[in-house]
Number of protein chains: 2
Amino acid sequence: MAHAGLDTAAVVAAAASLADEQGLEAVTLTAVAATLAVRPPSLYSHVSGLQDLRARVAELAAGELAAALTDAVSGRAAGDALRAAGRAHRAWALAHPGRHAALQFPRPRQHDAVASVVVPMVAVMRGYGLEGEDAIHAVRAVRAAIYGFVALEGGGGFGMPLDPGDSFERLLDLLDDGLQRLSRRS
Amino acid sequence: MAHAGLDTAAVVAAAASLADEQGLEAVTLTAVAATLAVRPPSLYSHVSGLQDLRARVAELAAGELAAALTDAVSGRAAGDALRAAGRAHRAWALAHPGRHAALQFPRPRQHDAVASVVVPMVAVMRGYGLEGEDAIHAVRAVRAAIYGFVALEGGGGFGMPLDPGDSFERLLDLLDDGLQRLSRRS
DNA sequence: CTCCGTTGGCTAAGACACTTAGTTTTACAG
DNA sequence: CTGTAAAACTAAGTGTCTTAGCCAACGGAG
């Protein structure tokens, strides 16, 4: 039964799907191997081990998120771009909870992954007239707010029976207001 | 060597300290037992298992964070209170990275823990004249922003060589501006 | 002071996951 | 057709969580 047609991408994809469906904790070499109808040691032909697999899932997730953000931002500017990026991030996270959770674990060589997510956000700031250090500070604030919201929402951190979608739109309004004000000051 | 003087609180405290010092991944029953000079099965007299231990660490962490926020907010209002709460949250998280990471794992019976963190933040909103649903939406926005910032910072999510402390102060300014504007509208 | 029950520790052992080593089988190139 | 390398396998070692059952120490009742 050699050559079942596996490769690294297939293994990582299976792990990411498993994470979305059963939670990040369920991503074990045994479970992933079972998904692929293969014995656990066979995965070592494509991945160095569990740590490596998790790191690759995080990398995959960062790439997908970056693509979603880049797509959302293209053709828009300032407030439109900010809202589109925020909604795209939230929608992606709600659709892929396991992948989003995987982003939380920082791993070596993640520098490129972070950069790919930051690039479209810097472009958004350009629409507000923010450049250089101001843009970086602003990107950090916006990323923190959106990421934190999605993380709290996904983790059940909102106890009150109030639509998180409404809260999120208000958060975007608040960020837009704040960035407009910064824009006017500079 | 019976009766080594353990109890549930001591076990949870040891686990929390271990999480801060060596990361949340290092919190295993074996490691905690070693810290306490006890064999792993002995921990079952005080804790139902690993899941229970982690849940209790999260509960402890939420309580400590809530206490820090409550303390920071007392005697202040509006912008002062917001900034004090934000700085207290960030300082606590930087001092206790493992406990902060433990907050990310939602567990049953965490309702009270969430509530204890939310209460002081609702008090802050009162200082801005925000009540009811407006206050809840605002608390969600502020919690998300601060929590997200601390999580990204702690996870190495900021790649650029720019002081995170400055970024955080700007985030607090942005939130304060936004809440003031909401205040004026209502 | 002694005795006994409860408590909280222990050892032993099973189940499960990760990982390494070494083997076998398959696909493809020459 | 044959040989080689890739990719799967089985077997086995290690470490962790967890359960089961045992034993010692503390503390109150007589």
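Letters go in sequence order (proteins before strands), and every chain restarts at 1.
Closest contact between the side chain of B:H46 and the listed nucleotides D:dT16, C:dG8, C:dT19 involves C:dG8. Looking at the side chain of B:L29, the nearest of the listed nucleotides D:dC17, C:dG9, D:dA8 is D:dC17. Checking D:dC9, C:dT19, C:dC10 against the side-chain heavy atoms of A:L50 singles out C:dT19 as nearest.
Proximity of the aromatic rings of A:H100 and A:Y147 is defined here by a centroid distance below 6.0 angstrom, and this criterion is met.
Atom pair A:Q51:CD and C:dA17:P shows a separation of 16 Å (rounding to whole Å applied). Spacing between atom OH of A:Y44 and atom P of C:dA17 amounts to 13 Å, rounded to whole angstrom units. The CG-C1' distance, from A:L53 to C:dC18, rounds to 12 Å in whole Å. Atom pair B:L43:CG and D:dT19:P shows a separation of 13 Å (rounding to whole Å applied). In this structure, B:R39 atom CZ and C:dA12 atom C1' are separated by 12 Å, rounded to whole Å. The CG atom of A:L36 sits 9 Å away from the P atom of D:dA8 (whole-angstrom rounding). Rounded to whole Å, the distance from CD on B:E25 to P on D:dG15 is 19 Å.
Clustering ILVMFWY residues whenever any of their side-chain heavy atoms sit less than 4.5 angstrom apart, transitively, puts B:L179 in the very cluster that holds B:V118.
Counting any heavy atom pair closer than 4.0 Å across all strands shown, A:T28 reaches sugar-phosphate atoms only and no base atom.
Between B:S42 and C:dG8 there is no side-chain polar atom (N or O) within less than 4.0 angstrom of OP1 or OP2.
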Please write out each protein N/O paired with an N/O of nucleotides 13-16 of chain C under 3.5 Å, distance rounded to 0.1 Å.
none

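For A:R76 (side chain) and A:V124 (main-chain N/O), no donor-acceptor pair under 3.5 Å exists by modelled atom type.
With a 4.5 Å cut-off on side-chain heavy atoms, B:F168 and A:R140 do not count as touching. At least one side-chain heavy atom of A:V114 sits less than 4.5 Å from a side-chain heavy atom of A:R143. The shortest side-chain heavy-atom distance between B:L50 and B:R54 falls under the 4.5 Å cut-off.
Checked against A:D52 for a side chain to side chain contact (heavy atoms under 4.5 Å, CB included), the options A:V12, A:L43, A:V47 give a single hit: A:V47.
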